[in-house]
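Comments concern the structure below.
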Amino acid sequence: MSIQERLRHKVVTVNVLGPVRTVAGVDIGFRHNLARAAVVVLSYPDLAMEERATAELPIQFPYVPGLLAFREAPATLAAFEKLAVIPDLVIFDGQGLAHPRRLGIASHVGVLLDLPSIGCAKSRLCGEHQEPGNEPGAWSWLYDQGEVIGAVVRSKADADPLFVSIGHKIDLPTAIHYVLSCCRNNRLPETTRLAHLAAGEAHGMDQPRQRSLFEL
DNA sequence: GCGACAG
DNA sequence: ATCTTGTCGC
């Protein structure tokens with residue numbers, strides 16, 4: 001994929017971010033032939049919802065490991081265009097540098113938006129690692145082809161770790177720091193968690209109805 | 001040829 | 001990711 005080869009050279013792997021006052025989270029929900037992207041902007045470090053934007057587009061690209069951006073970037077960019085507040089940092093639900101060609105969706109879209117971004121995936125795409133300790137905050141390096149491509153981070157005890165990597169304009173230690181400081185009492189950071197909820201709403205995507213107290 | 005494989 | 005209720009575990 002030449003597009004990835006061309007964009008990978010635009011990724012900045014050092015911190016180019018000012019004071020972080022807002023952090024955004026992105027996630028996509030699929031239903032029938034529609035992709036619904038949701039972007040939530042939270043205040044930092046309070047993590048209070050500041051803004052929310054969504055965009056829906058027909059799915060026009062299949063899921064292919066390594067090509068996730070081609071499937072999710074269109075709706076994601078459309079959602080960002082509706083945003084009134086440009087976030088200081090964006091946390092994606094997927095890999096950043098921890099990708100076969102070093103351009104996961106977090107780096108790909110991070111470069112297109114030219115915003116500091118972090119790749120925070122729920123599972124591994126490539127690379128090798130040792131299991132991090134079970135204490136929240138424990139982490140280990142993620143290696144591939146003899147180089148460090150990210151970190152495997154324990155955000156919650158007894159829960160599977162997160163795969164954190166550089167997206168754009170941020171270094172790995174800083175990325176790990178922000179991911180951990182965005183996790184309250186769940187495995188996923190608030191950004192991803194809230195974006196996931198927003199991406200699943202409407203569409204006819206049934207939200208679990210509040211069960212009546214009488215049924216319990 | 002076989003296994004791996006973000007969401 | 002999505003199709004989906006009850007159910008296993010602490």
Side-chain angles (χ1 to χ4, degrees), chain A residues 1 3-4 7-8 11 25-40 54-79 90-112 117-129 134 142-145 149-153 155-168 172 175 179 185-189 191-212 215-216:
Chain A
M1 185 57 73
I3 293 179
Q4 296 185 321
L7 286 178
R8 62 181 295 183
V11 177
V26 190
D27 192 36
I28 318 291
F30 298 92
R31 186 80 173 194
H32 300 316
N33 198 42
L34 281 184
R36 177 199 176 91
V39 181
V40 297
T54 61
E56 296 172 22
L57 288 178
I59 299 176
Q60 37 64 286
F61 201 90
Y63 165 67
V64 179
L67 301 181
L68 188 62
F70 296 94
R71 178 176 169 79
E72 306 191 340
T76 297
L77 294 174
V90 185
I91 296 180
F92 286 84
D93 183 25
Q95 318 290 347
L97 275 195
H99 174 281
R101 291 171 293 287
R102 307 295 180 262
L103 193 79
I105 191 168
S107 297
H108 190 134
V109 179
V111 167
L112 294 183
S117 64
I118 297 172
C120 181
K122 299 183 292 299
S123 62
R124 183 191 71 90
L125 172 58
C126 65
E128 309 136 16
H129 67 90
N134 191 45
L142 178 60
Y143 302 97
D144 187 43
Q145 304 292 142
I149 60 172
V152 185
V153 183
S155 56
K156 179 180 182 180
D158 303 317
D160 292 326
L162 260 25
F163 290 74
V164 179
S165 59
I166 291 174
H168 184 49
L172 189 54
V179 166
N185 289 166
N186 305 290
R187 173 168 89 115
L188 299 178
T191 44
T192 302
R193 204 175 66 74
L194 295 177
H196 185 71
L197 292 178
E201 292 174 5
H203 278 257
M205 292 196 123
D206 309 289
Q207 277 309 106
R209 179 178 63 82
Q210 166 74 56
R211 216 179 297 185
S212 160
E215 299 180 82
L216 298 177

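Just so it is clear: chains get the letters A, B, ... in the order the sequence lines come, proteins before strands, and each one is counted from 1.
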What nucleotide among dC3(C), dA1(C), dA6(B) has an atom nearest to a side-chain atom of R31(A)?
dC3(C)
To the nearest angstrom, the CG-P distance between L68(A) and dG7(B) comes to 8 Å
note: D93(A), atom CG; dA1(C), atom C1'; distance rounded to Å ~ 10 Å
Determine, answering yes or no, if F163(A) is stacked on dA6(B) under the 5.5 Å centre rule and the 30° plane rule.
no
Under 4.0 angstrom between S123(A) side-chain N/O and dC5(B) OP1 or OP2
no
Between L34(A) (CG) and dG7(B) (P), how many Å, whole number?
21 Å
How would you label the contact of G119(A) with the nucleic acid (heavy atoms, under 4.0 Å): base, sugar-phosphate, or nothing?
nothing
Can a donor-acceptor pair be found, under 3.5 Å and without considering hydrogens, that links the side chain of N134(A) to the backbone of D158(A)?
yes
Could you tell me the separation between the CG atom of D27(A) and the P atom of dA6(B), rounded to a whole number of Å?
15 Å
Tell me whether the OP1 or OP2 atom of dA1(C) has a side-chain N or O from R71(A) closer than 4.0 Å.
no
According to the interplanar angle, ranging from 0 to 90°, do the rings of F70(A) and F61(A) count as parallel (below 30°), tilted (30 to 60°) or perpendicular (above 60°)?
tilted
Rounded distance (Å) that lies between atom C1' of dA4(B) and atom CD of E128(A):
12 Å
What is the distance from CG of D160(A) to P of dA6(B), rounded to the nearest Å?
14 Å
With the side chain counted from C-beta on, respond yes when R124(A) and D144(A) share a heavy-atom pair under 4.5 Å apart, and no when they do not.
no
Mind calculating the distance between CG (D144(A)) and P (dC5(B)) to the nearest angstrom?
13 Å
Set of side-chain hydrogen bond (donor to acceptor under 3.5 Å, both in side chains) partners for D160(A), sequence neighbours left out:
none
Checking L77(A), I59(A), I105(A), V26(A) against E72(A) for side-chain contact (heavy atoms from CB on, under 4.5 Å), the one that qualifies is I105(A)
Touch check for H108(A), heavy atoms < 4.0 angstrom, all strands: base, sugar-phosphate only, or nothing?
nothing
Separation of dT2(C) atom P from N33(A) atom CG, nearest Å, is 14 Å
